[in-house]
Each structure stands twice: as C-alpha cells, then as structure tokens.
Asks: 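Next up is a structure, given as structure tokens.
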Amino acid sequence: MDKLIEVKNLKKYFVKEKGLINKERTVIKAVNDLSFFIKKGETFGVVGESGCGKSTLARTLMLLLEPDGGEIIFADKNINKFSKNEIKELRKNMAIVFQDPHSSLSPRRTIKKLLEEPFRIHDIDIENKILKQRILELLDIVGLKKEHLYRYPHEFSGGQKQRIGIARAIALNPDFLLLDEPTSALDVSVQAQILNLLQDLQKKLDLTMLFITHDLGVIEYIADRIAVMYMGKIIELGTVDQIFSNPLHPYTEALLSAIPEPDPEQEDIKIKLEGEIPSMINLPEGCSFSSRCPLADEKCLRTEVELEEKESGHYSACIK
Ligand SMILES: Nc1ncnc2c1ncn2[C@@H]1O[C@H](COP(=O)(O)OP(=O)(O)O)[C@@H](O)[C@H]1O
Ligand SMILES: [Mg+2]
C-alpha cells in the first residue's frame, strides 16, 4: 500500500498565561499525540465536535503551525524540519481549502487575478496567454464560466465562492488537498453540489484528500476511511463501513445516535451526548471521554487509553 502522508505522534499545544502576578499557565493539547496515515488516492475523513482540534491538526499538517512534537512524512520525506524554501515548494503539492471562502478571497481582485495568485506566489514561469488558458480551464473544471473572469468575489454566491477557493487550491496540480469544513457554511443543496465536485476532481486529478467536518452525514458520503477525534485525540479509526455499521467507541456511538432519525417512531438513541465538549484544560488522567461516558467507571478515570486494533484496520481507544 502506498502512503502519501504519515503522521507519527503529532503534537500541537497552546499555552496561555493568565493573571499578572501569579501567572497561571494553562496548556491546551489541541493535537495530542496523533498517529495515522493517508493512502494515495483516498479520502481520509476527520470528524468530531467543534473545538476537538480538527483545524489545529489541519494547520499543523500544512506547517502553518509549528508542531510541538512528532513527525509528518509526506511523499516519503520528513517535512518537519523543512526550510522556508522547501516549505514553499511543498505548498505547490499540498493545498488547503478553508470553511469560509469569502474571507480567503481578497474583495478587490477579480477572479482572474485571484486565480493568477498561486502562479505568481510560486514564480511559475508561464506566458500570459497560456496562464489565461489555464485559468479558463480551472474555471471550467470547477463549474464556473468564462464570463465570470472579470467579476469580483462579492458578485458570487457562497457555493460559487467555494468553487473559486477550490480552483485556487488545485491551480498548481497538487497531489494532496486538505479541506477544512469546506461545505459547513453552505446551504444543504449547495453542499451536495460541492461534495460532488470534489469527488469528480479527485478522480480526474488523482487527488488524495483529507476532509475535515463536524457533520457525520457529509463524512459518510465523502470519506473512504474516517478518524473520529475527541479532545485532541483520535478515539476511533476505520473504514466508513466499520465506523457507521459497527462503531466501537461509546463516543462514536453517541455521535451516530445524535443524527436525527428520518422516522421519529424508530428512535433508537443509545447514548445521549449532553452538554458542551469539556474544556481541554485539566484533562482527566485516564480517558478524556470518561466525564461524559455512560459506561465509564473508576478504571476509565485512571487508565491511559491508546488506539488498539480491534478488527482488521479498525481501531478504538476504549478499555471497555
Ligand atoms: N491560536 C490558538 N491559541 C490558543 N488556543 C487555540 C488556538 N487555536 C485553537 N485553539 C484551541 O484549541 C482547541 C482546538 O481548536 P480547533 O483546532 O479550532 O478545533 P476544531 O477545528 O475542531 O473546532 C480549542 O480549545 C481552541 O480554543
Ligand atoms: Mg475548525
């Protein structure tokens, strides 16, 4: 099996100091010792509630944040210690699409200018005529039209703006596309169009994707394998089938039973997730889900849990 990216014991912590005199230091372990790999050509999904560390993982993988520990291996190279120039080179091959397309598109630039940016930033030596052709081709690939070329971002709908964001991300033909909640700001019908577009692009352009969302419906639709995150940790990992048909971790079960049933009579809620995701400060010693888990006992509070392979390719971090 060919891996495009492998992450070993990746850590990203945020340290905050409070108070002027007795400085109280709090550490948020937003990415707390994550290990996983992504196969070439697959869509790897990361799902979890808001605040569990998904965006921090995305930004650390892209080296937009410096890791506090662990390794990131991309295309057989350890990229942690890459120099500025090497990182710039890497970004041609590793692109990201954010949730809010609006804020990533500068309002005073036409679509043509916005799509020229990746080529300019990377000093791609390309004749103007060929660049324009390439931009028209990009517009076509993402389902926009020639007449959109000289318009400004505010003239587009949310879905169209995200299409522009995707066009920019794929402009330099990357192998790896990271999508951080790319459809979460869009209406449901538009979401489906963007998901279909991404699936088409993946086939056409041979992309490997990491797709992040808090939406289980979206992840079931788009992903091949899924990692479920809870408070900075992966607590379950497996194929879409394994996760949705045979969830092993009580947290995954709780997430799945929170999906609204089409028929309310058929309600089959095993575990209810109550309250907010607890603070990542002062984590319990043992399982971080123990404070919300209906199955938790004394042992769960004391025992450090690790991901364990329970069936082929299906991992869960629960001692029960
Ligand atoms: N730049 C930052 N400084 C301090 N804390 C941060 C920063 N970015 C994220 N966090 C904290 O890290 C945790 C994970 O955040 P984030 O990765 O944005 O989660 P998600 O994307 O899953 O909603 C949260 O507790 C958040 O408050
Ligand atoms: Mg996020």
Side-chain angles (χ1 to χ4, degrees), residues 5 7 9-19 23-36 38 43-70 72 94-104 158 161-162 165-166 169 177-186 191 194-195 198 209-220 222-223 226-237 243 249 251-252 254-256 258 273 275-284 287-289 291-292 307 317:
I5 191 161
V7 171
N9 305 103
L10 189 66
K11 298 183 181 106
K12 182 66 206 175
Y13 299 164
F14 296 111
V15 179
K16 275 187 190 160
E17 285 184 355
K18 266 202 316 207
K23 282 213 167 113
E24 201 187 313
R25 255 174 119 244
T26 55
V27 179
I28 295 173
K29 297 184 173 180
V31 170
N32 191 3
D33 204 357
L34 297 192
S35 299
F36 62 90
I38 304 176
T43 300
F44 188 83
V46 172
V47 72
E49 288 165 288
S50 167
C52 71
K54 303 182 296 298
S55 294
T56 307
L57 169 63
R59 289 191 293 149
T60 312
L61 279 181
M62 297 291 298
L63 299 175
L64 297 169
L65 292 171
E66 199 184 327
D68 289 313
I72 305 166
M94 214 185 188
I96 186 162
V97 176
F98 294 102
Q99 169 172 347
D100 180 8
H102 189 68
S103 61
S104 52
K161 276 184 214 150
Q162 198 53 298
I166 293 168
L177 195 57
L178 201 162
L179 302 123
D180 188 359
E181 309 251 16
T183 58
S184 301
L186 306 174
Q191 271 190 21
I194 298 291
L195 293 178
L198 288 170
M209 303 203 296
L210 172 62
F211 195 106
I212 291 177
T213 176
H214 66 278
D215 187 323
L216 283 146
V218 167
I219 213 74
E220 184 179 20
I222 195 102
I226 298 174
V228 184
M229 266 184 93
Y230 187 75
M231 294 176 83
K233 291 258 187 204
I234 293 175
I235 54 89
E236 183 160 356
L237 193 156
I243 300 286
H249 197 285
Y251 176 61
T252 313
L255 281 181
L256 291 178
L273 269 182
E276 298 276 295
I277 183 165
S279 150
M280 279 212 236
I281 304 163
N282 306 324
L283 286 178
C287 171
S288 51
F289 187 54
S291 62
R292 293 163 99 189
L307 269 184

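Numbering starts at 1 and runs along the sequence shown. Whatever order the structure lists ligands and atoms in, that order sets their numbers, starting from 1. Atom set for the values below is all heavy atoms of this structure, side chains included, hydrogens, waters and symmetry mates excluded.
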Asks: Do any nitrogen or oxygen atoms of Gly51 come within less than 3.5 Å of a nitrogen or oxygen of ligand 1?
Replies: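 Right, the criterion is met.
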Asks: Under a 4.5 Å cut-off applied to non-hydrogen side-chain atoms, are Ser50 and His214 in contact?
Replies: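 No, their side chains stay 4.5 Å or more apart.
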Asks: Is there a polar contact between ligand 1 and Cys52, counting only N or O atoms under 3.5 Å apart?
Replies: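 Yes, at least one N or O pair falls under 3.5 Å.
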Asks: Determine the minimum heavy-atom distance between Ala169 and Ile96, stating which atoms define it.
Replies: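 So the two residues come closest at CB-O, 4.1 Å.
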Asks: Contact between Leu10 and Leu57 at the side-chain level, heavy atoms closer than 4.5 Å - yes or no?
Replies: yes
Asks: Quickly, which of Asp68, Val27, Val31, Leu65 forms a side chain to side chain contact (heavy atoms under 4.5 Å, CB included) with Phe14? Name it, please.
Replies: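 The side chain to side chain contact (heavy atoms under 4.5 Å, CB included) with Phe14 is passed solely by Leu65 among Asp68, Val27, Val31, Leu65.
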Asks: Ignoring hydrogens, tell whether any protein atom lies closer than 4.0 Å to atom 21 (O) of ligand 1; use the non-hydrogen atoms only.
Replies: yes
Asks: Check this for me - ligand 1, Thr56, N or O atoms closer than 3.5 angstrom, yes or no?
Replies: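 Right, the criterion is met.
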Asks: For atom 26 (C) of ligand 1, is the nearest protein heavy atom under 4.0 Å away?
Replies: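 No.
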Asks: Which atoms of ligand 1 are found less than 4.0 Å from any heavy atom of Ser55?
Replies: 17 (O), 18 (O), 20 (P), 21 (O)
Asks: Under 3.5 Å, N or O to N or O, is Gly53 touching ligand 1 that way?
Replies: yes
Asks: If you round to the nearest 0.5 Å, how far is CE of Met94 from CG of Leu63?
Replies: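 Going from the CG atom of Leu63 to the CE atom of Met94 covers 6.5 Å.
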Asks: With rounding to the nearest 0.5 Å, note down the distance linking CG in Leu61 to CD1 in Ile212.
Replies: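 With rounding to 0.5 Å, CG (Leu61) is 7.5 Å from CD1 (Ile212).
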Asks: Side chains of Lys29 and Lys11, heavy atoms from C-beta outward: is any pair under 4.5 Å?
Replies: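 Not touching, per the 4.5 Å side-chain cut-off.
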Asks: Sort out for me which residue in Glu236, His249, Arg292 forms a side-chain hydrogen bond (donor to acceptor under 3.5 Å, both in side chains) with Tyr230.
Replies: Arg292
Asks: Inside 2.8 Å of the Mg ion (ligand 2) but strictly below it, how many protein N/O/S atoms are present?
Replies: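 If we list every protein N, O or S atom nearer than 2.8 Å to the Mg ion (ligand 2), we get 1.
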Asks: What residue and atom, counting heavy atoms only, is the protein's closest point to atom 3 (N) of ligand 1, and at what distance?
Replies: Phe14 CD2, 3.6 Å
Asks: Below 4.0 angstrom from a heavy atom of Ser50, which ligand 1 atoms are there? Numbered from 1 as shown, please.
Replies: 23 (O)
Asks: Is a donor on one side and an acceptor on the other found under 3.5 Å between the side chain of Gln191 and the backbone of Thr183?
Replies: yes
Asks: Report the distance from atom CD1 of Ile5 to atom CG of Leu210, rounding to the nearest 0.5 Å.
Replies: 7.5 Å
